[in-house]
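Letters A, B, ... mirror the listed sequences (proteins, then strands); counts begin at 1. Just so you know, these numbers use all the heavy atoms, side chains as well, and skip hydrogens, waters and symmetry mates.
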Amino acid sequence: MRFTDTLKKNYEFRRLYAKGKSAVTPYLVVYARLTRRSGCRVGFTVSNKLGKAVVRNRVRRRLREIYRLHETGFVPGAELVVVARARAVGAQYRQLERAMLDACKRLGVWRPASP
RNA sequence: CAAGCAGGCUGAGCGACCGCGGGCAUGAGCCGAAAGGCUGUGCGUGAGGAAAGUCCGGGCUCCGCAGGGCAAGGAUAACGGGUAACGCCCGCCAGGGGUGACCCUCGGACAAGUGCAACAGAGAGAUACCGCCCCGGCGCUCCCGCGCCCGGGGUAAGGGUGGAAAGGCGAGGUAAGAGCUCACCCGCCGCGUGGAGACACGUCGGCGCUGUAAACUCUAUCCGGAGCAACGCCGUGGAGGAACAAAAGGUCGGCCCGACCGUUCCGGGGAGGCGGCUUGAGCCUGCCAGCAAUGGCAGGCCACAGACAGAUGGUCGUUCAGGGACCCGCAAAAGGUCCCGGACAGAACCCGGCUUACAGGCCCGCUUGCGUU
RNA sequence: GGAGAAGUACCCAAGAGGCCGAAGGGGCUCCCCUGCUAAGGGAGUAGCCGGUGUUGAGCCGGGCCCGGGUUCAAAUCCCGGCUUCUCCG
């Protein structure tokens with residue numbers, strides 16, 4: 001994740017929830033906004049209502065891997081938070097991937113990478 | 001060979017590409033006055049037997065506390081040992097289960113005191129409902145005797161109720177009965193022998209006492225409280241305080257007037273940062289002591305994670321388990337092809353246990369039954 | 001990560017060893033009131049699961065989150081799980 005930092009502080013998450021736009025899919029919710037920074041910043045939220053620690057870790061790792069593999073397509077300066085919903089627990093990797101890219105495209109922070 | 005019992009180990013292997021957290025080195029690039037930081041490169045490393053539940057015991061911190069005793073509250077409970085300690089472990093005893101290997105048991109004291117034992121039943125340490133027996137009364141009868149809407153007394157053998165009816169059973173005894181007496185058995189106390197002890201055996205003597213302490217209680221032993229979000233250090237700004245200066249300067253403004261603004265130190269401490277943070281009752285090998293838990297000695301090793309919105313992942317190939325379908329075949333076995341497919345589960349200060357979850361696989365020992373020699 | 005609390009009928013809930021065969025509300029059924037409904041008033045049975053029987057009623061057994069245990073007897077006492085909720089920066 002070359003140009004990417006992770007969102008860490010609670011106030012950063014709350015600022016994004018308050019000021020950003022969101023897109024909803026059955027598997028996840030994406031909040032996003034644009035800043036003047038040169039790199040992207042991303043955070044992942046998997047609440048403990050989704051399951052035990054193993055389940056939550058697997059969901060978060062998959063979401064992070066999806067972001068990593070499609071990192072070059074994100075608009076610089078984007079700040080986003082991906083919140084997993086309950087149906088993400090039993091989802092296939094490809095379903096999660098399609099849901100996340102679709103949501104990001106609707107928010108205008110991602111476009112398919114040109115080869 | 002089959003069925004079973006007990007214990008221990010293991011918790012898929014190899015490879016490819018991309019990616020992540022620590023550590024060490026490097027000094028290539030950038031930033032910085034420097035310390036150093038970020039990026040890069042190389043080497044090596046990176047989840048568990050339960051990491052889980054947070055149920056016990058410790059270490060470690062802070063708070064409280066002169067020392068000792070008593071009380072309150074809580075915990076534990078046969079006996080002997082192990083351990084830093086434990087409610088854990090080992091051995092053993094008693095009771096219960098199993099043909100057996102073996103398994104199960106919060107297993108002190110109701111004979112110190114108090115409470116409770118609903119309903120049923122006559123009666124729940126006490127009792128006379130039915131019954132049985134004696135005496136009196138009345139009636140029947142020639143008498144023997146028999147009967148009862150009668151009264152007084154004896155009785156705990158029989159009936160029924162109940163979880164439990166007050167040692168069991170037999171004989172003697174008696175009006176009928178009764179440990180009232182006796183033999184045998186059961187239990188408790190005492191005595192003798194053996195044992196480290198719980199206890200076992202014997203029976204010379206005494207006694208016959210309901211159950212319940214996961215009811216209050218008593219006895220013995222142990223325990224101060226909170227927790228790494230503990231705690232220690234640093235800490236821009238802002239609130240507050242002190243010292244210095246009261247001139248110069250800055251901002252608003254065309255200028256004057258006017259308004260606003262200082263520097264240094266202290267400072268509880270919020271955000272944040274750093275430490276605590278991984279070398280420890282540590283791991284491996286061998287020998288000795290012990291039935292064992294465990295302990296002792298010698299040698300070797302730091303390979304055995306340390307994050308802080310929290311790393312250990314993703315996509316594949318192949319092998320090994322496993323399951324299903326088909327082919328071959330009378331059937332089983334073996335073989336072949338294809339498909340599916342990997343238990344429970346993720347460190348968060350660290351250890352010792354317990355409990356709970358768990359696909360399978362491997363090893364050792366033992367028991368019973370059958371067969372062969 | 002740590003510290004606690006609570007689970008009782010469809011919902012809210014009382015009960016703290018035996019009279020529990022589970023109180024009381026809400027809900028449900030029937031009746032009154034109304035042109036009809038709501039509200040109000042009166043009465044009533046059951047309730048969840050399984051079995052049996054059925055037009056319906058009934059009858060039997062099990063059930064107080066789940067599984068063990070103590071006791072003659074457990075919603076209640078003890079042990080172990082599960083679920084939900086709260087607090088600590």
> Can you check the distance between B:C92 and B:A85, where both ends of the measurement are the C1' atom (answer in whole Å)?
24 Å
> Would one find a side-chain N or O of A:K52 under 4.0 angstrom from OP1 or OP2 of B:A345?
yes
> What is the pairing partner of B:C169, taking Watson-Crick or G-U wobble pairs with both distances under 3.5 Å in any strand?
none
> What is the distance, to the nearest angstrom, from the NE2 atom on A:H70 to the P atom on B:U315?
13 Å
> Return the pairing partner of B:G249 with a 3.5 Å limit on both distances, Watson-Crick or G-U wobble; otherwise return none.
B:C261
> When the P atoms of C:G17 and B:C116 are compared, how many Å lie between them, rounded to an integer?
14 Å
> Please report the distance, rounded to the nearest Å, between CD in A:Q95 and P in B:U315.
13 Å
> Strictly by Watson-Crick or wobble contacts shorter than 3.5 Å, is anything paired with B:A52, and which nucleotide is it?
B:U355
> Please name the nucleotide paired to B:A75 by Watson-Crick or G-U wobble geometry with both distances under 3.5 Å, or report none.
B:U221
> Between A:V42 and A:F74, does a side-chain contact (heavy atoms from CB on, under 4.5 Å) hold up when you go through it step by step?
CA-CA 11 Å; A:V42 62; A:F74 280 89; over 6 Å; no
> Check every strand shown and say whether A:R56 touches a base, only sugar-phosphate, or nothing at a heavy-atom separation below 4.0 Å.
nothing
> Find the distance A:R58:CZ to B:G310:C1' and express it as a whole number of Å.
19 Å
> Toward the 5' end of RNA chain B, which comes first, A:V55 or A:R62, by nearest nucleotide?
A:R62
> Using purine N1 to pyrimidine N3 plus N6-O4 or O6-N4 for Watson-Crick, or N1-O2 and O6-N3 for G-U wobble, each under 3.5 Å, what pairs with B:G299?
B:C284
> Quick check: on RNA chain B, is the nucleotide nearest A:R94 upstream (toward 5') of the one nearest A:A53, or the reverse? Name the residue that is more 5'.
A:R94
> Among the nucleotides B:G346, B:G314, B:C18, which one has an atom lying closest to any side-chain atom of A:R68?
B:C18
> Within less than 4.0 Å of OP1 or OP2 of B:A311, is there a side-chain N or O belonging to A:R60?
yes
> Could you let me know what B:C204 is paired to, Watson-Crick or G-U wobble, both distances under 3.5 Å, or none if it's on its own?
none
> Can you check the distance between B:C199 and B:C351, where both ends of the measurement are the P atom (answer in whole Å)?
43 Å
> Starting at atom CG of A:L16, determine the distance to atom C1' of B:A309, rounded to an integer number of angstrom.
14 Å
> Please name the nucleotide paired to B:C88 by Watson-Crick or G-U wobble geometry with both distances under 3.5 Å, or report none.
B:G82
> Could you let me know what B:G21 is paired to, Watson-Crick or G-U wobble, both distances under 3.5 Å, or none if it's on its own?
B:U45
> Given B:G314, B:A47, B:A345, identify the nucleotide with an atom nearest to the side chain of A:R61.
B:A47
> For the backbone of A:T25 and the side chain of A:R85, can you confirm whether one donor and one acceptor N or O come within less than 3.5 Å of each other?
yes
> Given the C1' atoms of B:A118 and C:A73, what is the spacing between them in whole Å?
9 Å
> For B:C277 versus B:C60, give the span between their C1' atoms, rounded off to a whole number of Å.
12 Å
> How far does the C1' atom of B:G232 sit from the matching atom of B:G227, given to the nearest Å?
16 Å
> OP1 or OP2 of B:A311 less than 4.0 angstrom from a side-chain nitrogen or oxygen of A:R64, does that happen here?
yes
> What's the CG-P distance between A:L50 and B:A309, to the nearest Å?
20 Å
> Should B:U193 be called syn or anti, with syn set as within 90° of 0?
anti
> Could you check B:G179 for me: syn (within 90° of 0) or anti?
syn
> Rounding to the closest angstrom, what is the interatomic distance between B:A47 and C:G7 at atom P?
44 Å
> Salt bridge or not between A:R68 and A:E71? Use side-chain N to carboxylate O under 4.0 Å.
no
> Just so I know, are the side chains of A:R111 and A:V75 near enough to count as touching, which here means a heavy-atom distance under 4.5 Å?
yes
> Could you tell me whether B:A47 is syn or anti, where syn means a glycosidic angle within 90 degrees of zero?
syn
> Take atom C1' in B:U219 and the same atom in B:A112, then report the distance between them in whole Å.
11 Å
> Can you tell me how far apart NZ (A:K105) and CG (A:L107) are? Round to the nearest 0.5 Å.
12.0 Å
> Rounding to an integer number of Å, can you tell me how far A:F44 CZ sits from B:A311 P?
12 Å
> To the nearest Å, how far apart are A:E71 CD and B:G19 P?
11 Å
> Expressed in angstrom and rounded to an integer, what is the separation of A:E65 atom CD from B:U315 atom P?
8 Å
> Run the salt bridge (Lys or Arg N to Asp or Glu O under 4.0 Å) test on A:R62 and A:E65 for me, step by step, so that the C-alpha distance in whole Å, both residues' side-chain angles and the decisive distance to 0.1 Å come before the verdict.
CA-CA 5 Å; A:R62 279 182 165 172; A:E65 185 71 9; over 6 Å; no
> Syn or anti for C:G56? Use the chi torsion, O4'-C1'-N9-C4 for purines and O4'-C1'-N1-C2 for pyrimidines, with syn inside 90° of 0.
anti
> Output yes when a side-chain donor or acceptor of A:R58 lies under 3.5 Å from a complementary backbone atom of A:V89, and no otherwise.
no
> Do the side chains of A:F44 and A:V59 get nearer than 4.5 Å, heavy atoms only?
no
> Just confirming the chi classification of C:A16, syn or anti, using 90° around 0 as the syn window.
syn
